[in-house]
Structure formats: structure tokens, C-alpha cells
Amino acid sequence: MSEEERKAKDKADREREAAEQVALPYKWTQLLGEVDVNVPVPKGTRGRNLIVDIQKKRLSVGLKGAQDKILEGELCKEIKKEDSTWTLEDDVILIHLEKLNQQQWWENVLTHHPKIDTTKIEPTDSKLSDLDGETRGMVEKMMFDNQQKQMGKPTSDELKKMEALKKFQAAHPELDFSNAKIS
């Protein structure tokens with residue numbers, strides 16, 4: 001497939017995808033760790049008129065007394081039920097779903113709905129402050145070690161070994177470490 005054919009196919013795929021998404025009874029967006037679903041409801045609908053059921057692997061939204069649900073089905077992936085919420089604002093149900101696997105893009109919200117091509121997603125830039133403490137520490141250590149290597153200086157692990165050797169030498173001045181090689 002030529003570059004031109006590939007671009008035309010990608011454009012056609014995006015247009016088809018957009019048309020399929022517009023036809024859904026909701027609009028949705030996602031970040032790596034969460035999915036937000038906006039479901040329009042009739043003007044004047046109150047929270048007490050709604051039935052919203054968020055389960056680990058299922059989602060159901062409907063109006064009390066209505067025969068058909070607005071949406072109902074199996075979620076694309078599992079969520080953290082206890083961290084997922086919904087509210088009603090300006091005749092739109094705002095559903096916030098916390099993904100269980102926060103390192104994976106969803107192809108759709110409900111498994112029976114059209115899929116999007118997740119390989120075409122361009123994630124927003126993230127900041128170190130967005131990461132949890134352990135991950136942030138690991139990333140900062142990797143960045144420090146990379147900087148040190150580029151300058152020809154010891155990495156954090158090498159610095160730890162050198163510090164341990166200095167402490168041992170101080171504790172045992174009678175030993176000769178002049179030919180010691182630390183690896």
C-alpha cells in the first residue's frame with residue numbers, strides 16, 4: 001500500500017469511526033486511567049428519575065418507568081467500582097469510570113458498540129506529578145542515572161556501592177583497598 005493509499009484509508013477509517021461514535025446514545029472520552037461518559041437525558045430530568053447501575057464489568061442507564069434502557073451492557077474492560085461515580089448536570093448524566101488497568105486504552109465503552117482504533121490515540125503529555133509516588137521515584141531515578149551516564153559520572157547504584165565501600169573502609173582502616181575493583 002502506497003503512502004497516499006494509506007493516508008486515504010486512514011482518513012476513511014477516521015470518518016467511519018466518527019460517524020459510528022456520533023450514532024451512539026452518549027459521548028465518551030478517555031485518559032489512560034479513566035473513562036468519562038456523557039449521556040443526554042430529556043429536559044427537566046431529575047436524579048431521582050434515573051436508574052444508573054455501575055458494576056465492575058457492566059453499565060446500565062435508564063429512566064424510571066421507561067421500558068428500554070438508554071444504554072446497557074458489558075463494559076469493554078473492568079473498572080474500579082468504588083472509585084466510579086455519576087452526576088446529573090444540565091440534562092446530561094456525567095459518568096466517571098476509573099479503569100482497573102490504568103495502562104490500557106479502551107476500544108469502546110460497551111462491548112457491543114463500535115470500536116475505535118486505539119493505535120491512533122495521541123495521548124496528552126503527562127507530568128511527573130501525575131504519577132504515583134513509587135512510579136515517580138523510579139522515573140526520577142532513571143532520569144538521574146541517564147544524566148549521570150551522559151556526563152560520565154556514576155549512576156545512583158554505583159554511588160551507593162561507593163558509599164558503602166567508604167563506610168567499610170572507615171570502619172576497617174587496617175585493610176588495604178588500593179587495588180579493589182567494585183562492579
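None of the values given here were measured: they were computed from a predicted structure.
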Any donor-acceptor pair under 3.5 Å from Asp91 side chain to Gly44 backbone: yes
Under-4.0 Å salt bridge between Asp13 and Lys9: yes
Nearest-0.5 Å distance, NZ of residue Lys64 to CZ of residue Arg46: 12.5 Å
Interatomic spacing from CG in Asp36 to CH2 in Trp28 - rounded to 0.5 Å: 11.0 Å
Rounded distance (nearest 0.5 Å) linking atom CD of Gln30 with atom OG1 of Thr118: 8.0 Å
Salt bridge (Lys or Arg N to Asp or Glu O under 4.0 Å) between Arg14 and Glu17, worked out: CA-CA 5 Å; Arg14 279 194 307 276; Glu17 222 174 67; over 6 Å; no
Heavy-atom closest contact (Pro114 atom, Gln21 atom, distance): O-NE2, 3.5 Å
Residues that Lys115 engages under side chain to side chain contact (heavy atoms under 4.5 Å, CB included), provided they are two or more places apart: Glu107, Asn108
Carboxylate-amine/guanidinium proximity below 4.0 Å for Asp53 and Lys69: no
Test salt bridge (Lys or Arg N to Asp or Glu O under 4.0 Å) applied to Glu74 and Lys57, step by step: CA-CA 6 Å; Glu74 184 178 343; Lys57 192 73 170 109; 3.5 Å; yes
Student check: side-chain heavy atoms of Pro42 and Leu63 closer than 4.5 Å: yes
Evaluation steps, side-chain contact (heavy atoms from CB on, under 4.5 Å), between Met142 and Glu140: CA-CA 5 Å; Met142 288 167 45; Glu140 286 175 338; over 6 Å; no
Closest non-hydrogen atom pair, Pro25 against Pro40: O-CD, 3.5 Å
Min side-chain heavy-atom separation Glu98-His96 under 4.5 Å: yes
Lys/Arg N to Asp/Glu carboxylate O, Asp157 vs Lys161, below 4.0 Å: no
Verdict with reasoning, Met143 to Gln147, per side-chain contact (heavy atoms from CB on, under 4.5 Å): CA-CA 6 Å; Met143 289 169 58; Gln147 238 179 357; over 6 Å; no
Distance (rounded to the nearest 0.5 Å) between Ser84 OG and Ile54 CD1: 6.0 Å
Hydrophobic cluster identity match, Val92 and Leu88, side-chain contacts under 4.5 Å: no
Heavy-atom side-chain contact between Val39 and Val37 under 4.5 Å: yes
Gln55 atom CD: more than 12 heavy-atom contacts under 6.0 Å: yes
Heavy-atom side-chain contact between Gln104 and Asn101 under 4.5 Å: yes
Side-chain heavy atoms of Val41 within contact of Ile93, under 4.5 Å: yes
Lys141 atom NZ: more than 12 heavy-atom contacts under 6.0 Å: yes
Residues which pass ring pair (Phe, Tyr, Trp, His ring centres under 6.0 Å) with Phe144, listed by chain and number, not counting sequence neighbours: none
Cluster overlap Leu100 with Ile95, hydrophobic side-chain contacts below 4.5 Å: no
Side-chain donor-acceptor pair present, Asp145, Gln148, cut-off under 3.5 Å: no
Donor-acceptor contact present, side-chain Glu158 to main-chain Thr155, <3.5 Å: yes
For Pro154 against Leu159, the heavy-atom pair lying closest together: CG-CD2, 3.6 Å
Any side-chain heavy-atom pair of Glu20 and Arg16 under 4.5 Å: yes
Close side-chain approach of Leu75 and Leu97, heavy atoms under 4.5 Å: yes
Side-chain heavy atoms of Lys56 within contact of Lys80, under 4.5 Å: no
Over 12 non-hydrogen atoms of neighbours within 6.0 angstrom of CZ in Arg6: yes
Flag, side chain of Lys99 to backbone of Leu31, donor-acceptor distance under 3.5 Å: yes
NZ on Lys77 to CH2 on Trp105, rounded to 0.5 Å: 13.5 Å
Residues, nucleotides or ligands: over 12 heavy atoms within 6.0 Å of Glu82 CD: yes
Joint hydrophobic cluster, Trp106 plus Leu24, side-chain heavy atoms closer than 4.5 Å: yes
Enclosure of Gln67 CD (heavy-atom neighbours >12, cutoff 6.0 Å): no
From CA spacing to verdict: side-chain contact (heavy atoms from CB on, under 4.5 Å), Gln103, Leu32: CA-CA 6 Å; Gln103 299 300 314; Leu32 263 177; 4.2 Å; yes
Reported CG-to-CD distance for the pair Asn38 and Glu89, which is rounded to 0.5 angstrom: 9.5 Å
